[in-house]
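Worksheet: one structure, shown below.
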Amino acid sequence: MTSVIDAGLVADQNARLDAQLQADYEGLGGMLARRGLDIDQLTALAQTFAVAVPSWGAGTGGTRFARFPGRGEPRNVFEKLEDCAVIHQLTRATPSVSPHFPWDKPTDASELRETAKALGLSFDAVNSNTFQDQQGQEQSYKFGSLTSTSAAVRAQAVAHNIECIEIGRAIGSQALTVWVGDGANFPGQHNLRGALERYLDSMREIYAALPGDWNVFIEHKLFEPAFYATTIADWGTSFACATELGPKAKCLVDLGHHAPNTNIEMIVARLAQFGKLGGFHFNDSKYGDDDLDSGSINPFQLFLVFNELADAARREGEAFKPAYMLDQSHNVTDPIESLMSSAGEVQRAFVQSALVDRAALAGLQERNDVLEAAQTLKRAFRTDVSPILAMARVRSGGAADPLACYRASGYRDRVAALRPVRAGASSSGIV
Ligand code: PSV
Ligand code: MN
Ligand code: MN
């Protein structure tokens, strides 16, 4: 496997932090032991954690007002992979990449697969894109794609999704994520039921093209770009469609796609209960689909989501394996730094959820000891598991402090010299 960052530098950086890490680790280990928890077991658990990086997250997204290009942004899918390899090399928590087509469409799929493999990466769910028009495309998605009133538009959108499956198959993916921006901006613009009927008809064709071992993830989002009525706006609609389509169809929860204050952990519990939790797009938000770094606004919510996942994993066993992906957009930070930070925050919530004494919690719930039940969760959430995360990274060959190591490596300066800034280019590589 090719190391993008010099392995010697990572070792030196880790050596510098070794004494401090050992001391913190021992201190935390003692405290956890008094709670009946074995720190080495928790570290081993942390080492099993993996979350996919979105290929589009390697660039600077911008807002609908402006995009200020970042230094050394990747110009194509191969450069995106290189950046993703840095994230995985240092965090050891992001072994796969979720590509977006046609932004990442390869001329040679096997070359893409081999390049990823050489960098120690694989591919997670592939994402289709019928929310933008591409150059040279015959039909426009201005008034919708899978729900369009035009049969020709729907056919084009279905064909694109089927092509995504074909490329995905060639690069070793096993799932397709479908998010459509389809909907209406004005009352009366759509027949609300008719639009969903057309969506389902289109999705049935896509579903029929899925290989036996594939899933399709339906990603809901409350609003934007459709501001009055988004066709797949909520988990209820997503659940109904996934149920209608069949067992390979599941729901994908993007944390930023709900109204403020929505109880997302309860949505997670419901979807898990009925076998329809396909996966996640982790990010954080204050107002809407902000695509902020995971854990940057509401880390307690992230913990509560993982608390439900831990409960579901206990009930369902091995079979319970929702896909974990990040989905974030950067305006003011270095994307590699933000993605490393997010991966660490999601991993943190995963480890914190393992600190919850579930048997004790169940007893407290039985006895209606509300305060102590709430404290049981808070105790886990308040525990700073940073030494476990750092030790997990070191034991897996990564960096004790990924951010410091990345900055010391000078990677951004190096790629900035090779990748000229393209004013107005988008994170996707499409102007
Ligand atoms: C839509 O807001 C979304 O969350 C979907 O996952 C898209 O595929 C992604 O953002 C990238 O634009
Ligand atoms: Mn998303
Ligand atoms: Mn989004």
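Just so you know, ligand 1 is whichever comes first in the structure, and atom 1 is the first atom listed for that ligand. Quantities reported herein were computed from a predicted structural model and do not represent experimental measurements.
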Might you work through the ring-ring contact (aromatic ring centres under 6.0 Å, His included) test for H257 and F282, ending with a clear yes or no?
CA-CA 10 Å; H257 288 187; F282 291 113; over 10 Å; no

So with a 6.0 Å cut-off around CZ of R407, is the heavy-atom count from everything else above 12?
no

Passes salt bridge (Lys or Arg N to Asp or Glu O under 4.0 Å), R204 versus E244? Steps please.
CA-CA 9 Å; R204 279 188 197 102; E244 190 78 10; 3.5 Å; yes

Return the set of residues passing ring-ring contact (aromatic ring centres under 6.0 Å, His included) with H190 (not counting sequence neighbours), or none when no residue passes.
none

Kindly print each ligand 1 N/O atom paired with any protein N/O atom under 3.5 angstrom away, one pair per line, or none if nothing qualifies.
residue  : atom   : partner : partner atom : Å
ligand 1 : 2 (O)  : K221    : NZ           : 2.9
ligand 1 : 2 (O)  : H257    : NE2          : 3.4
ligand 1 : 2 (O)  : D289    : OD2          : 2.8
ligand 1 : 4 (O)  : E219    : OE2          : 3.1
ligand 1 : 4 (O)  : D254    : OD2          : 3.1
ligand 1 : 4 (O)  : H257    : NE2          : 3.0
ligand 1 : 4 (O)  : D327    : OD2          : 2.8
ligand 1 : 6 (O)  : E219    : OE1          : 2.7
ligand 1 : 6 (O)  : E219    : OE2          : 2.8
ligand 1 : 6 (O)  : H281    : ND1          : 3.2
ligand 1 : 6 (O)  : D327    : OD2          : 3.2
ligand 1 : 8 (O)  : H100    : NE2          : 2.8
ligand 1 : 10 (O) : D327    : OD2          : 3.3

Within less than 2.8 Å of the Mn ion (ligand 3), how many protein N/O/S atoms are there?
3

Going by side-chain hydrogen bond (donor to acceptor under 3.5 Å, both in side chains), name the residues that satisfy it together with S148, two or more places apart in sequence or in a different chain.
none

Using a 6.0 Å cut-off, check whether atom NZ of K248 has over 12 heavy atoms from anything other than its own residue.
yes

Applying side chain to side chain contact (heavy atoms under 4.5 Å, CB included) to I167 and K105, what does each step give before you reach the verdict?
CA-CA 8 Å; I167 304 170; K105 191 172 161 182; 3.9 Å; yes

Matching residue for N161 among V180, I206, V126 - test: side chain to side chain contact (heavy atoms under 4.5 Å, CB included):
I206

Test side chain to side chain contact (heavy atoms under 4.5 Å, CB included), reference F280, set V346, L326, L309, output is L309

